[in-house]
Every structure is written in C-alpha cells, then in structure tokens.
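Please read these numbers as outputs of a predicted model, since none were measured by experiment. Whatever order the structure lists them in is the order used to number ligands and atoms, beginning at 1.
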Amino acid sequence: MTNTFRTLATLALLSFCHSSIAATTLIHAGELLAVPGKSPRSNQTIVVVDDRIVDVVSGFKAAADYDGDLRVVDLSDQFVLPGLMDMHVHLQGELGPDNDRDALKMSDQLMQMRSIHFAMKTLEAGFTTVRDVGSSSQEMYAMRDAINAGWIDGPRIIAAGGVGITGGHADISGVSPDLMEMFTSPNVCDGPYDCRRGARNVIKYGADWVKITSTGGVMTERATGTGQQMEADELREIVLAAARMGRKVASHAHHEDGIVAALEAGVASIEHGSYTGPRAIKLFNETGAYLVPTLLAGKTVAALALEADFMPDTVKEKAIRVGNDMAGSFARAHKAGVNNAYGTDSGISPHGTNAEEAVLMVENGMSEMDVIVTATINAADLLDMSDSIGTIEAGKFADIIAVGRSPIDNIEELLDVDFVMKGGKVYKD
Ligand SMILES: [Zn+2]
C-alpha cells in the first residue's frame, strides 16, 4: 500500500467512526425565546444532535437521560435566542481613511484574509447568518463555500452578486480613468438586454442572489444624486432573468421613485429605503416585499461627514442629508405596517457592531420583540430558509446565542453576546 493510499484508507475509517456516533449537546437555557414573537419560557433544555436541533423540552434534562457522546452547555443563568441574521453586510471592506491606499497596496489574497477576519467578528457578535450584498464575486463565493465546508469559521453567508449601470452607484468612481477601466465590473450593464446578461452572469459565477442599485448612492464620488438611476425596463429584465434561475433580487434605493420602480419590477427587498413615502408604502404592503432599513449606516455616514476629513464634498452632502432622513423614513414605514428585515450595511459601520442597528430600531419606534423578529423569522423568510433557520425548533440548524438578560426588556443586551453556536458548533462561550 502506498503512503497516499494508506492515508486515504485511514481517513475513510476515521470519517466512518465520526459519522456513526452522533454528538449530542444538551443546552440548559434559563430563559428561552424559541420562537421570536411568542413569549419566552423558563428552564428549557435544547437537544442538539450534530448540527441540528432535535428537541426542546421543559426542565433541565440530565446527561444520564441520553445515550452516546454527550455534552452539557450550562446557560441556566442566561437568556437564549436564535442566532441573529443581518441581511445587509459587506464583509470585504470597512469604511475608513485608508480605503484607497489599501485597494492599491493590498493583494487580493490579503484582502481575502481580512474578509475572513471580518466574518469571524460578525459571528462572534451573534450573527450566525448574513446576506452579503454585492461583493466582488469570487472571493465572496469562496469564503461562503469554505465556511460551509467547515474549512474556516464564519457565519452562514448568502452571497448576492452586484449588477449595476454605467456611472451608477454600483460602478466605480473617485479614481483615475485608467484605474476605473481596470476595476470596472463585467456586470455593469446598460439597457434591458445587457442587464439581463449581467444578472445571468453573476448567477453563472456563483451568486445566491442578485443585488442592484435602482437609485444613486451616498458613497458614489460623483454628484449624481440619490434618485432613480436604473430604468424600469432594466429592472424588469434583471428580476425576470434572476427569477428564471431561481434567484431573488435585492435593490439598494434611497429616493421614492427608485423604490417604487424596483418594487414594481418585483424585487424581494429594498435596501435603505431612505425616502419611503405613501406610494412606496402602498407597494410594499401589496407585494409583501421587505424593507432592510440600515439605520446604522445612516448614522455612521452622517457622523463621519462631520468628523472625518477623508470624504469628498460630494459624498459629505449626501451623507448628512440621507443619513439624517433614514430614521424618519423607517419610522413611517414601520407604522404603516411595512415588513422589515434586519440589516446594517456593516462595512460602512465596523464589522461586529451589527447589534447597534437593533438599538436604533427601538429608538425609532419598533418594539424590542419586533426587532428580534426582523433579525430572525423575517430574515429567514426573506431568504426562503424558514424551514432551516430563524427559530429554535426541532429540525432546524442549531444556530443559538445567549445574552445575560432579556433583550425584550432592554435591547442593549444584544450588544454583548456571551455564547454563540452555529450549526451545533460553539464559537464563543
Ligand atoms: Zn450596502
């Protein structure tokens, strides 16, 4: 037998042994919010086998009640809830004065390592699933797949590939024409048929979702406003091409004209929604589309525009205006019954501070329980993953976090997550 062959045989034996003994974990939860929206229950045991929840029972069950390789996690003085989900992150960067320099000096490989570091910060903050919206594709898809394979640690990633129009918010700006040419994405498109190609192209290379930008954006270094930029025919073609291949579309949108156009085209979520007025609210409620409010991004850019000196004036103007208008828009939409899914735009704000969004949502009129619903049940629904994540119930992935006291009484408890389990593996305790 060659060495290689012997190694393979040993590996096969090991994996057989490993898979034949189910690892059971009993989690003793002092308070358990198994299903956000319903009341928490005291003194519960969550039974986890491998990566799944198999049972939730009253009282603290003892190890002696179960067979096999068994471990007890004592959270009897903690408040336990499903892993949180952030529907709007950018794991491949973090806004700061060195962004331009980093892009020139760092290798793609080093950038990728940094993305893994940001992903881990996010997981340790209690966010077990994220939707990364509009990343540079292969690095993000590789990270998603490596995490799913268990090669590296990180949250479950749903990766949206970006499709945008020439000169629009998703296109490159603020560097020399030579560099612009070099960094222009192949998924920048113009006109319905070209944008159809763009949508198909991001799916071809591995996107789970398609991310578009129906309006201008704050961080674009051109005075091109924050109103509608993509045309109705482009939006329709992208949504149709994505739907034909089983993908949903998320649209960045600030002004109401762009929110309305994207909703009319059939997108599943509107990101930011900074100027959600009556026409948009009516469409949200008719379609059931989700608003992902990203109040933390608004707060962050408005503060940076005043304090930091790295923003050009064109960006500062938009940052202060949009940043300050976002919260009121969210409050209006929430009052009018619009579906919300939790999202921060982390990467604008520092990775790992994702729970600060929850504090802002409560400050702007949403109840603590409803905020937790947006970050669990609603996010799972938006992702079409309600059968596998979002609650602590039999059959779902064991994505479970714990905090010191009830976040239903004080949402700031979410800022300090003590315990994180994802897919049955403990990442923080
Ligand atoms: Zn974003």
Side-chain angles (χ1 to χ4, degrees), residues 85-96 99 115 118-119 122 127 129-137 139-140 155 157-165 168-174 185 187-188 202 207-221 224 226 229-230 248-255 258-259 262 267-276 290-305 311 315 318-319 322-323 325-327 329-330 340-354 356-357 360 374-375 379 382-383:
M85 301 182 217
D86 190 331
M87 294 298 96
H88 194 124
V89 301
H90 299 279
L91 290 173
Q92 292 175 296
E94 202 167 77
L95 182 62
N99 286 156
S115 305
F118 289 151
T122 306
F127 288 78
T129 299
V130 298
R131 189 181 60 171
D132 190 280
V133 276
S135 355
S136 90
S137 49
E139 288 85 353
M140 181 51 56
I157 293 174
I158 311 304
V163 178
I165 55 164
H169 177 52
D171 201 359
I172 188 161
S173 66
S185 158
N187 306 317
V188 166
V202 293
D208 302 311
W209 273 68
V210 177
K211 160 77 184 298
I212 58 174
T213 49
S214 68
T215 73
V218 169
M219 299 310 294
T220 298
E221 293 194 22
T224 44
T226 46
Q229 290 185 342
M230 296 180 90
K248 291 167 102 172
V249 179
S251 183
H252 154 113
H254 290 301
H255 278 267
I259 302 174
V267 302
S269 67
I270 294 289
E271 313 298 306
H272 319 302
S274 314
Y275 297 91
T276 301
Y290 280 94
L291 171 64
V292 179
T294 72
L295 304 181
L296 185 55
K299 186 184 173 187
T300 305
V301 295
L304 281 175
M311 276 185 185
V315 174
K318 290 182 281 185
V322 175
D325 289 341
M326 236 178 211
S329 177
F330 162 74
N340 280 278
Y342 194 95
T344 57
D345 214 350
S346 284
I348 294 292
S349 49
H351 294 288
T353 65
N354 311 57
E356 287 184 19
E357 180 79 17
L360 297 174
T374 69
L382 175 60
L383 297 174

Requested in this report: Could you walk me through whether Ser346 and His351 pass the side-chain hydrogen bond (donor to acceptor under 3.5 Å, both in side chains) test, one step at a time?
Outcome: CA-CA 6 Å; Ser346 284; His351 294 288; 4.8 Å; no
Requested in this report: Run the numbers on Asn340 and Thr374 for side-chain hydrogen bond (donor to acceptor under 3.5 Å, both in side chains), then give the verdict.
Outcome: CA-CA 6 Å; Asn340 280 278; Thr374 69; over 6 Å; no
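Looking at heavy atoms from C-beta onward, Asp86 lies out of side-chain contact with Thr122 at the 4.5 angstrom threshold. Within the 4.5 Å cutoff, the side chain of Met219 has heavy atoms near those of the Leu95 side chain.
By the neighbour-count criterion of 12 heavy atoms within 6.0 Å, atom NZ of Lys299 is sparsely surrounded, having that number or fewer from other residues, nucleotides or ligands.
A centroid separation of 6.0 Å or more is found between the aromatic rings of His252 and His88.
Taking distances strictly below 2.8 Å, the protein N/O/S atoms close to the Zn ion (ligand 1) are His88 NE2, His90 NE2, Asp345 OD1.
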